[in-house]
Student: 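The structure's right below; bear with me while I get my questions together.
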Amino acid sequence: MTDPAASSFSTPEALKRLKRRRAADVRFRYYGLGAIFLALSALVLLVLSIGSQAVSAATYHVVRYDITLDPAVITPPGETTPEDIARNVDGFWELARDNLLETFPEANRDRASRIEVSEFITRLAVLPTARKVAARPEMVGNPITLTAPLNDDLDLYLKGQALPERRLRTGTITAVTAQEDGFALLEGQGAFTPILTALTTLQAEGVSMDEGSILITAGGATGRLHGIQAGTARLELLTGTLDAFRNSTAAARLIALPEAQRVVSDQQIAWTFALKEMGRISRVPRWTLLTNSDSTYPELAGGLAALVGSLFTMLVTALVAIPIGILAAVYLEEFAPKNRLTDFIEVNINNLAAVPSIVFGLLGAAVYINFLGMPRSAPLVGGLVLALMTFPVVIIASRAALKAVPPSVRSGALAIGASQMQTVFHHVVPLAAPGILTGAILGMARALGETAPLLLIGMVAFVGDVPTSPTDESTVMPVLIFTWANNAERAWEPMTSAMIVVLLAVLLLMNGLVVFLRRKYERRW
Amino acid sequence: MDSDHTPQAAGSVLAPAADAPPAAAPRIDCRDIKVFYGATQAIHGVSMSFPDRAVTALIGPSGCGKSTFLRCLNRMNDTIENCRVEGQILMDGQDINDHSIDPVLLRSRVGMVFQKPNPFPKSIYDNIAYGPRIHGIATSREDLDAIVEKSLRRAGLWEEVKDRLQAPGTSLSGGQQQRLCIARAIAVRPEVILMDEPCSALDPVATARIEELIDELRKRYCIVIVTHSMQQAARVSQRTAFFHLGNLVEMGETEQIFTNPREKRTEDYITGRFG
Ligand SMILES: Nc1ncnc2c1ncn2[C@@H]1O[C@H](COP(=O)(O)OP(=O)(O)O)[C@@H](O)[C@H]1O
Ligand SMILES: [Mg+2]
């Protein structure tokens, strides 16, 4: 270095070092941004996939039945008490089905059709109406409007989730002639060209329509098309009148999946559109998701029993884990002498927090149920099992919160003659409270989402009734989700997502509570 | 209003403080104090006494055991893990380390002010009222109000905070916080006040206010102050003790220590040759 003025700040080596360092800074920033981006996109993906599914389950289709409560059916001789009426689900169901049979006379032609029409409404779906009538028996003999959920497969079909189909419109159909073989001849200048074009496209895409169906709907009438040419086609009427097609442009649906492989038949689809045309089907929010209990029929199932079960379970967990956790933490942090024994205890509490939750389930089954004879499947046992895995979390969080209280607060209190108890409970614990609460609520949130240990103590049983005490048979939300996700029917999929959203909402609420409490305490001082 | 608190306070508040001679009998008498942190000894047999109604300053290089020794006087060393105190500390003739003495009661008679102001994260009012409440000194709201006002007045803070007693103590400035801590100590009617470098975290103006306050307080209390500032010791104390490596090197009238030290080490320290 010849020139002392151009000191080591600006030598070429120094500049090079500086450049390298800056490059490293920039690189690090991009790594960080990349990590955050990955995490966020995973979150967005989760929310989108579950959310979009859940949205479809947030509403469902209900059908209106205007029926007269025929005393011969509702209150047959010897079954006239309100209890009998409430139990007479079959009677109400028959009335609703007969209403459909009246609406669609063609359904009476054979047994198979009658079964198809009866699938529209689940027997248990009339239960709320039956109970309502039982409460006011004077309604018997009068006309009422019964509203019941549409069969889950048809509901899913209407939401466009059951079957892939192509929709388009025909040209104007000018002539409709009934034929001897029961079919009808539809005519119209180029009326069916759009369908032919679509068929060609489908073929090019490798979709075979050989066994599929082409349904056209005009007004309340729906039929199946055969032998399509540009200007003519043969129609097999499924429901409604032929007149509906005259001078209309019909809505056509091309369904490739063979009818035999579907859960909804062409006939059922036709009836559904007819009911919709009559204004008897409406899409409404599915509050039953929160007000009904579990059911084997997805259109009737809800999470109320599981929600209440979770509530009872959390109550037991909170009552056991939080006091034990806080007291243990306060003792270990503020009173216990620091020696081998307390070190050993500390290590083991950390170990306890790391034990896989299913192990606690095994322990719970062995100790609480088999040894102590507590009831299986009950929130009491579930809560105790979850408390086992929650209280180490509470201890660890509480100790961290207590450690964070500045020692000057302790010496300040001791120096004016506060006893150690007073120092701890008047000064240290209140200051640590936000941290302790945070730990407790986060521990509870973890317990709320826990599934595995509860499976082992039998909380997975089907529970149709809302539990009324912690010793009743019950299930909890995550286990309900697990059960629903294992069901085969397609309709359970959006239901599962909707239940997940409910669970996540509860968890978010708990986390929100943490933030709120923390803010509140911090603002005061 | 003043009389109930410290009956022994005789002199008028306005009387010249200058060089009032140390009052009669020693308030605290320490005999051969040894303090150990685990195996290491921090204080090697110190004997000294503290007169009532006077300020005694403990000076010495950092780490020489001033704070440790100070903490013996209100048994705050009990709260430190591994700390062991040997020797006799007589307060009004009673051994404070005796099993029959409740350290909690002792600490209400021997107040302490720390290096860093440490008001409770509560309101100014509650900071003062906490001590009287737990000791049952005040039973009614009026009594408590009176004690809070008197303590704040004695700590020279009343005029500044009387309109915001419900404001958090931590919202005050550093100097005000330290005076609040002094008021908090006064509120439980101590006889002795220990101060461990009470001004080291404060600016010169706040320091001057505290020093004035100490001078005021010594008319009622026996005050022991640890300080790293020799000027401060010279300004506020009547007696000074010089510690070095856990030993009491020299103890005497402040003026004598600063003008005519008997020991070579004291002289070296005071003239700034080490420390
Ligand atoms: N809590 C403690 N544990 C162990 N050693 C300590 C502790 N406090 C102080 N000491 C030791 O005791 C000696 C005296 O410390 P201290 O009384 O704080 O000195 P001073 O206040 O004069 O600076 C020092 O050597 C210090 O390291
Ligand atoms: Mg010190």
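In what follows, chains are A, B, ... by sequence order, proteins preceding strands, each numbered from 1.
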Student: Are any of the side-chain heavy atoms of N82(B) and K338(A) separated by less than 4.5 Å?
Tutor: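 Not touching, per the 4.5 Å side-chain cut-off.
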
Student: Can H426(A) and I134(B) be said to form a side chain to side chain contact (heavy atoms under 4.5 Å, CB included), step by step?
Tutor: CA-CA 10 Å; H426(A) 294 171; I134(B) 58 168; 4.0 Å; yes

Student: Compare all side-chain heavy atoms of R184(B) with those of I416(A) and state whether any distance is below 4.5 angstrom.
Tutor: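 A side-chain contact under 4.5 Å exists here.
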
Student: Does a side-chain heavy-atom distance below 4.5 Å link L431(A) with P121(B)?
Tutor: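 When only atoms from C-beta onward are counted, P121(B) and L431(A) do touch, with a gap below 4.5 Å.
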
Student: Does F344(A) have more than 12 heavy atoms from other residues, nucleotides or ligands lying within 6.0 Å of its CZ?
Tutor: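 Open: at most 12 neighbouring heavy atoms sit under 6.0 Å from CZ of F344(A).
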
Student: Among P406(A), P337(A), A413(A), which residue forms the greatest number of heavy-atom pairs with chain B at distances under 4.5 Å?
Tutor: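 Of the options given, most contacts go to A413(A).
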
Student: Is a donor on one side and an acceptor on the other found under 3.5 Å between the side chain of N118(B) and the backbone of V409(A)?
Tutor: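 Checked: no pair found.
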
Student: Looking at side-chain heavy atoms only, is the closest gap between S411(A) and F114(B) below 4.5 Å?
Tutor: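 Yes; the side chains approach each other to less than 4.5 Å.
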
Student: Hey, can you pull the donor-acceptor pairs under 3.5 Å for the side chains in residues 391-401 of chain A, sequence neighbours left out?
Tutor:
{"residue": "S398(A)", "atom": "OG", "partner": "V394(A)", "partner atom": "O", "Å": "2.7"}
{"residue": "R399(A)", "atom": "NE", "partner": "E333(A)", "partner atom": "OE1", "Å": "2.9"}
{"residue": "R399(A)", "atom": "NH2", "partner": "E333(A)", "partner atom": "OE1", "Å": "3.2"}

Student: More than 12 non-hydrogen atoms from neighbouring residues, nucleotides or ligands closer than 6.0 Å to CD on Q94(B), yes or no?
Tutor: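 Counting neighbours around CD of Q94(B), 12 or fewer heavy atoms of other residues, nucleotides or ligands fall under 6.0 Å, so no.
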
Student: Counting only heavy atoms closer than 4.5 Å, note whether V110(B) contacts chain A via side chain, backbone, both or neither.
Tutor: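 The backbone, not the side chain.
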
Student: Working note: Y130(B) + H427(A), criterion ring pair (Phe, Tyr, Trp, His ring centres under 6.0 Å); need CA distance, chi angles, decisive distance, verdict.
Tutor: CA-CA 10 Å; Y130(B) 179 71; H427(A) 298 282; 4.3 Å; yes

Student: Which heavy-atom pair separates M112(B) from A415(A) by the least distance, and what is that distance?
Tutor: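 Answer, listing the atom of M112(B) first, then A415(A): CB-CB, 3.9 Å.
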
